Trainee: 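My questions all concern the structure below.
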Amino acid sequence: LDSRFTRRQVIGGSTRLGLALAAGLPLLQACGDDDSGPSSAAGGPDSRRDTTTIADGLSPEAGPLRIFDYDAYVAPDIVAAFEEKYGVKVEITIFTSDDEAISKLASGAVETDLHKSAGTSTLFKLIESGLIQPLNKTYLTNIGNVVASLRDPYYDKGGAYSVPYTVFGTGIGFRADKVDPASVSWETLWNTEYKGAASILDDVREGLSMAMMRKGLTDVNTGDPAVIKQAGEDLSELTNLMNIKVEIEGYHTIPEGVTTVAHTWSGDMLGALQYLPEGTSSDVLGYWLPDPALVNNDVMCVMTKAKNPVLAHLFIDFLIDKTNAVTNFQFVGYQPAIDGVDGQSLIDQGLVPENLRSCVLSSDQIGKGYRSLQLTPDVEALWNEAWSKFTAGG
Amino acid sequence: VANAAGAAPGGHRNGFWGFLSAPGVAWLIALFVVPFYAVAAVAFGRVDPILRTADPVWSPLEWNFSAMSHVLDRVFDPDDLGAAFIRTFAYVGGALALCCLVGYPVAYYVARYASRWRGVLLAALVLPFWISYLMRMLAWVNLLQVDGYINRVLGWLHLGGSRQWLNGSWPAVVIGLAYGYIPFFILPLYAALERLDKRLIEAGRDLGGSPARVFRRVTLPLSVPGLIAASVITVLPMFGDYYTNGFLTSGSPRTEMIGNQIEFYLRGTSQPQTGASLVLILSAMLLVLMTYYLVVTVRAQRSVAT
């Protein structure tokens, strides 16, 4: 339980930091143009991207394979199986946020072979600063297992530099014994019946996007000052109306009964099962995911200065093996971005209860989900200021 | 000849003591002056075009003040960052008052009446430092829960035992701050009270003053410099605190302090200039308190000298 607690906390923090930090890259487009991903903006005047892959057919190095990762974000059984298969040691160095990871990798404070869990918005920095190398897919024999919608993702054209690791959406986790599941929507967070027992994610992009989606807006990367300001004011309304909490603790406060409705990530509600008091049925948990939802994923990438680039490729390939992905899911709780590992298959295997089916995204949901794109510095400043005003409680 | 003979050793001694102070000066320069200048270089600097991390500008001639100017506008807006500043000052003021109420009698007792138990009591005062701040705050979370001991005691006393202390409640933050920092208050105050000239108190008694009157007219005025020193040492870290309210109110906007906003901008955004500007503004405000402390201290020293 402790390891899961730590991992969920850092995922929350990393998403918050990653989305905010990556926002503002000068080469990027804002305003919801889904075709204007980072890769399409490559080759700007400041770009230092690496374009050389390793050669085909190389033998694995002697190791040890060095991995940079969140704490407890890969199953120990999977690591042990990889060590046994290739006869090498795996050394994992921990970071606690995307910000910290970028800072340590850029400064050279950490030298690693595989950055296993970069945020999609952080990825652009890693590519353009030349910190990661393009992948040689001849080593990725399981690449066909990745969900179709993320094989050519918006954040990395053709998946040239990255392979998706986990995927999650944003919705509302709730106590099904206190809230009618059929009535749940974003409006539930403004329902005074749950005053003092509601929370929203401590995340600039997630929080303001939720306020925009509540009003029926779909451009969650808008640069319109009026829209951003209104979203901030709508959130400020929650301060006194709902005595809202701004946190990422829904995965344990909901099962503990402290929170009744919480703006949460889908993976957190699957993790909530671990925090149910003894004797409490999992039926008390519920999750509502809008359609389309805001969707995010973490990615794996190989460092340009990797001493064991072949092993790093092979470890990625090992994780996207279907059987290994399901084994890994049982430990980390977040859904792998693997084709066929959907709600029904996980329910059939007894890994996800029927009432939390909506926590597992289908390939279609992943494909059509809204994405938080990187913003220009000026637009990011507007988002930060709206959020800052809300959290300052003015 | 006598003067000349005496001057040489004196000058030698000054050089010796000056040499001994060198490590302290180097420490101050390395860990205060340089970092403080670095904060200014970030506040008035640039960001890396790709990594969006701080790119400090070291030459004041190239500093850009636009971020600071915008932050100042927001700080003086009570519907914006001004709210967090006002709340921070109110919470720190409340916590300091609580420290005075609880800490002064403790420090006074240990300094004046503890006699052979003094060592044990001083060790007990330092004891909280042996446990991490995180653990102590988590303990308060348990105490302040709806079904926690605080509410149970209040229930037994028929004072209402169902209070939601952790639900965005300011008393929880004030109590947490006072508890977390009170050792910083008691120890310097104890040192000051322990040095009080007891003959002055005895003189007050001899002149017919009641214990309460002697305390009010003699002891309390004499302990003002110690109180101010203890207050300054206590409130400085309180102003920068950003985790106590996070623990005790689950990130409620009702209890947001300025430290939370600094953390947000420095660690959660690609606007380090805004975070560094807030640090400088808060430092400027604290400088006023420090100046007041220095003025009072100098006046007290002069009054003793005369």
Side-chain angles (χ1 to χ4, degrees), chain A residues 13 16-17 19-27 44-48 97 99-100 102-103 106-107 124-131 196-197 199-200 202-204 235-236 238-240 243-249 253 258-259 374-375 377 380-381 383-385 387-394, chain B residues 46-54 66-67 70-71 73-75 77-88 141 145-147 164 166-170 242 245-258 260-275 278:
Chain A
R16 176 181 72 241
L17 297 172
L19 291 176
L21 268 171
L25 287 164
L27 303 175
D46 297 309
S47 177
R48 304 187 287 269
S97 70
D99 184 24
E100 180 191 339
I102 285 269
S103 172
S107 68
F124 182 74
K125 296 180 184 179
L126 295 170
I127 295 172
E128 293 304 316
S129 61
L131 286 170
S199 68
I200 66 169
D202 185 7
D203 184 311
V204 181
L235 292 182
S236 293
L238 292 170
T239 303
N240 289 322
N243 189 12
I244 200 81
K245 307 298 176 305
V246 184
E247 60 180 11
I248 54 168
E249 313 289 331
T253 59
V258 175
T259 303
Q374 295 143 349
L375 308 172
E380 191 212 349
W383 281 69
N384 287 339
E385 190 165 324
W387 181 259
S388 165
K389 272 187 182 179
F390 157 56
T391 55
Chain B
R46 297 181 290 261
V47 292
D48 181 277
I50 291 180
L51 295 170
R52 300 294 297 165
T53 50
S66 59
H70 184 59
V71 171
D73 287 343
R74 296 185 60 198
V75 165
D77 181 353
D79 293 327
D80 196 346
L81 291 174
F85 264 98
I86 292 167
R87 199 178 293 118
T88 302
V141 170
Q145 280 174 346
V146 176
D147 58 351
Q164 302 257 359
L166 303 175
N167 211 354
S169 152
W170 65 263
Y242 63 91
N245 61 338
F247 275 119
L248 298 178
T249 63
S250 305
S252 168
R254 287 178 170 182
T255 57
E256 179 98 343
M257 293 172 69
I258 199 61
N260 301 100
Q261 291 288 327
I262 291 172
E263 190 221 5
F264 167 67
Y265 273 108
L266 285 179
R267 296 185 60 194
T269 73
S270 53
Q271 291 179 268
Q273 308 103 313
T274 303
L278 283 170

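Predicted, not measured: the structure shown is a model, and the values here were computed from it. Below, chains carry the letters A, B, ... as their sequence lines are ordered, and counting in each starts from 1.
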Trainee: Is the backbone N or O of Ile50(B) less than 3.5 Å from a side-chain atom of Arg48(A), with the two atoms forming a donor-acceptor pair by type?
Mentor: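 Pair absent, no side-chain N/O of Arg48(A) close to backbone of Ile50(B).
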
Trainee: Identify the heavy atoms of Gln261(B) and Ala392(A) that sit nearest to each other, and give their distance.
Mentor: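 Smallest heavy-atom distance, with atoms named: NE2-N, 3.5 Å.
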
Trainee: Considering residues at least two apart in sequence or located in another chain, which fulfil the ring-ring contact (aromatic ring centres under 6.0 Å, His included) criterion with Phe390(A)?
Mentor: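 Phe390(A) satisfies ring-ring contact (aromatic ring centres under 6.0 Å, His included) with Trp387(A) only.
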
Trainee: Does a side-chain heavy-atom distance below 4.5 Å link Arg254(B) with Asn240(A)?
Mentor: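 Yes - at least one pair of side-chain heavy atoms lies under 4.5 Å apart.
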
Trainee: On a heavy-atom basis, which atom in Asn167(B) and which in Gly196(A) lie closest, and how many Å separate them?
Mentor: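 Minimum heavy-atom separation between Asn167(B) and Gly196(A): ND2-O, 3.3 Å.
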
Trainee: Spell out, as yes or no, whether a donor-acceptor pair under 3.5 Å connects the side chain of Arg87(B) to the backbone of Gly393(A).
Mentor: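 Present.
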
Trainee: Within the 3.5 Å criterion, strictly below it, is a donor on Thr269(B) or Glu380(A) matched to an acceptor on the partner's side chain?
Mentor: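 No.
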
Trainee: As an exercise: rank Pro253(B), Gly251(B), Ala83(B) by heavy-atom pairs under 4.5 Å with chain A and give me the winner.
Mentor: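 Highest number of heavy-atom pairs under 4.5 Å: Pro253(B).
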
Trainee: Measure the CG-OG distance between Leu278(B) and Ser388(A) for me, rounded to the nearest 0.5 Å.
Mentor: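 Interatomic distance, Leu278(B) CG to Ser388(A) OG, rounded to 0.5 Å: 8.0 Å.
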
Trainee: Could you tell me which non-hydrogen atom of Lys245(A) sits nearest to which non-hydrogen atom of Thr249(B), and how far apart they are?
Mentor: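 In this case the closest contact between Lys245(A) and Thr249(B) is CD-O, 3.6 Å.
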
Trainee: Measure Leu166(B) against the heavy atoms of chain A and call it side chain, backbone, both or neither at under 4.5 Å.
Mentor: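 It is the backbone, since no side chain atom gets that close.
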
Trainee: Ignoring hydrogens and geometry, is there a side-chain-to-backbone donor-acceptor pair from Asn384(A) to Gln271(B) under 3.5 Å?
Mentor: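 Answer holds: no.
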
Trainee: Side chains of Ile244(A) and Ser252(B), heavy atoms from C-beta outward: is any pair under 4.5 Å?
Mentor: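 Contact flag for Ile244(A)/Ser252(B) side chains = no.
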
Trainee: Looking only at heavy atoms, what is the nearest atom pair of Leu51(B) and Lys125(A), with distance?
Mentor: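 Looking at all heavy atoms of both residues, the closest pair is O-NZ, 3.2 Å.
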
Trainee: Does any heavy atom of chain A fall under 4.5 Å from the side chain of Phe85(B), the backbone, both, or neither of them?
Mentor: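 Neither; nothing under 4.5 Å.
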
Trainee: Minimum heavy-atom separation for Asp80(B) to Glu385(A), with atom names?
Mentor: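 Nearest pair, atom of Asp80(B) first, then Glu385(A): OD2-OE2, 4.4 Å.
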
Trainee: By a 4.5 Å heavy-atom criterion (distance strictly below it), what part of Thr274(B) contacts chain A: side chain, backbone, both, or neither?
Mentor: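 The answer is neither part of Thr274(B).
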
